[in-house]
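Values reported hereafter were calculated over all heavy atoms of this structure, with side chains retained and with hydrogens, waters and symmetry mates removed. Numbers here are sequence positions counted from 1.
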Amino acid sequence: MAVNIKPLADRVLIEPQAAETKTASGIIIPETAKEKPQRGKVVAVGSGKKDHTMTVKVGDMVLYGKFSGTELKHEDHDYLIMREDDILAIV
């Protein structure tokens, strides 16, 4: 999917994965009890800073903090834009 949003400096654009609707044991989770997803796919990456090269690349699946980043809605899709430092791990 091509997105015409280009993050600046050390920022990353992430498409969050959908929240789980069912537990591993098969229990259905109601809308009011769903948690914010903490996993997503990197859609766009900034160029980095002078003394910082980017570690993540487009297509990586990453884990990030629950309240990290800024939510953004573009062309009926939800995205998060955050600094690379807010990303906890590449999965």
Side-chain angles (χ1 to χ4, degrees):
M1 164 177 55
V3 177
N4 60 353
I5 299 173
K6 178 70 175 160
L8 299 176
D10 63 341
R11 289 185 173 74
V12 177
L13 186 69
I14 297 175
E15 182 176 21
Q17 278 190 334
E20 294 292 323
T21 58
K22 197 185 286 189
T23 64
S25 61
I27 298 171
I28 297 174
I29 303 170
E31 278 295 317
T32 55
K34 289 184 183 174
E35 292 191 15
K36 279 179 77 171
Q38 293 177 281
R39 186 179 190 161
K41 182 177 181 181
V42 176
V43 177
V45 178
S47 59
K49 290 186 174 181
K50 181 180 171 184
D51 58 339
H52 177 80
T53 57
M54 300 299 280
T55 307
V56 296
K57 59 187 179 303
V58 174
D60 284 348
M61 289 299 292
V62 294
L63 296 176
Y64 50 86
K66 189 178 284 193
F67 300 106
S68 298
T70 303
E71 294 179 359
L72 173 71
K73 190 166 189 96
H74 179 70
E75 297 178 358
D76 294 331
H77 287 20
D78 292 324
Y79 297 104
L80 283 173
I81 191 161
M82 66 180 69
R83 293 190 181 276
E84 187 183 39
D85 293 341
D86 292 336
I87 294 174
L88 305 174
I90 298 173
V91 183

Asks: Minimum heavy-atom separation for Gly69 to Leu80, with atom names?
Replies: C-CD2, 4.4 Å
Asks: Under a single-linkage definition using a 4.5 Å side-chain heavy-atom cutoff for Ile, Leu, Val, Met, Phe, Trp and Tyr, are Met54 and Tyr79 assigned to the same hydrophobic cluster?
Replies: no
Asks: Examine distances only and state if a side-chain atom of Glu71 and a backbone atom of Asp78 form a donor-acceptor pair shorter than 3.5 Å.
Replies: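 Not confirmed, Glu71 side chain does not pair with Asp78 backbone.
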Asks: How long is the gap from CG on Asp10 to OG on Ser47, to the nearest 0.5 Å?
Replies: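 If I round to the nearest 0.5 Å, the distance is 9.0 Å.
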Asks: Go through Gln17 and Met61 one step at a time and tell me if the side chain to side chain contact (heavy atoms under 4.5 Å, CB included) criterion holds.
Replies: CA-CA 10 Å; Gln17 278 190 334; Met61 289 299 292; 3.0 Å; yes
Asks: Using side chain to side chain contact (heavy atoms under 4.5 Å, CB included), reason through Leu63 and Ile87 one step at a time and then give a plain yes or no.
Replies: CA-CA 6 Å; Leu63 296 176; Ile87 294 174; over 6 Å; no
Asks: So do the side chains of Arg39 and Val91 get within less than 4.5 Å of each other, counting heavy atoms only?
Replies: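 Yes. Closest side-chain heavy atoms under 4.5 Å.
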Asks: Can you check side chain to side chain contact (heavy atoms under 4.5 Å, CB included) on His74 and Ile5, steps first, answer last?
Replies: CA-CA 9 Å; His74 179 70; Ile5 299 173; 3.7 Å; yes
Asks: Of the non-hydrogen atoms in Val45 and Lys6, which two are nearest, and what is the gap between them?
Replies: O-NZ, 2.9 Å
Asks: If you measure from the Lys or Arg side-chain nitrogens to the Asp or Glu carboxylate oxygens, is any gap between Asp86 and Arg83 under 4.0 Å?
Replies: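 Arg83 and Asp86: not salt-bridged.
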Asks: For Gln38 versus Gly65, what's the shortest heavy-atom pair and its separation?
Replies: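 Closest approach of Gln38 to Gly65, heavy atoms only: NE2-C, 4.2 Å.
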Asks: Are Val12 and Ile81 packed together at the side-chain level, in the sense that at least one heavy-atom pair is separated by less than 4.5 angstrom?
Replies: no
Asks: Distance from Arg11 atom CZ to Asp85 atom CG, nearest 0.5 Å?
Replies: 10.5 Å
Asks: Take atom NZ in Lys73; do more than 12 heavy atoms of anything else shown fall under 6.0 Å from it?
Replies: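 Yes, the 6.0 Å shell around NZ holds more than 12 heavy atoms from other groups.
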Asks: Please give me the minimum heavy-atom distance between Asp60 and Val56, naming the atom from each residue.
Replies: OD2-CA, 3.6 Å
Asks: Please answer whether the main-chain N or O of Val58 pairs with a side-chain N or O of Lys41 as donor and acceptor at a distance below 3.5 Å.
Replies: no
Asks: Could you go step by step and tell me if Val43 and His77 meet the side chain to side chain contact (heavy atoms under 4.5 Å, CB included) rule?
Replies: CA-CA 12 Å; Val43 177; His77 287 20; over 6 Å; no
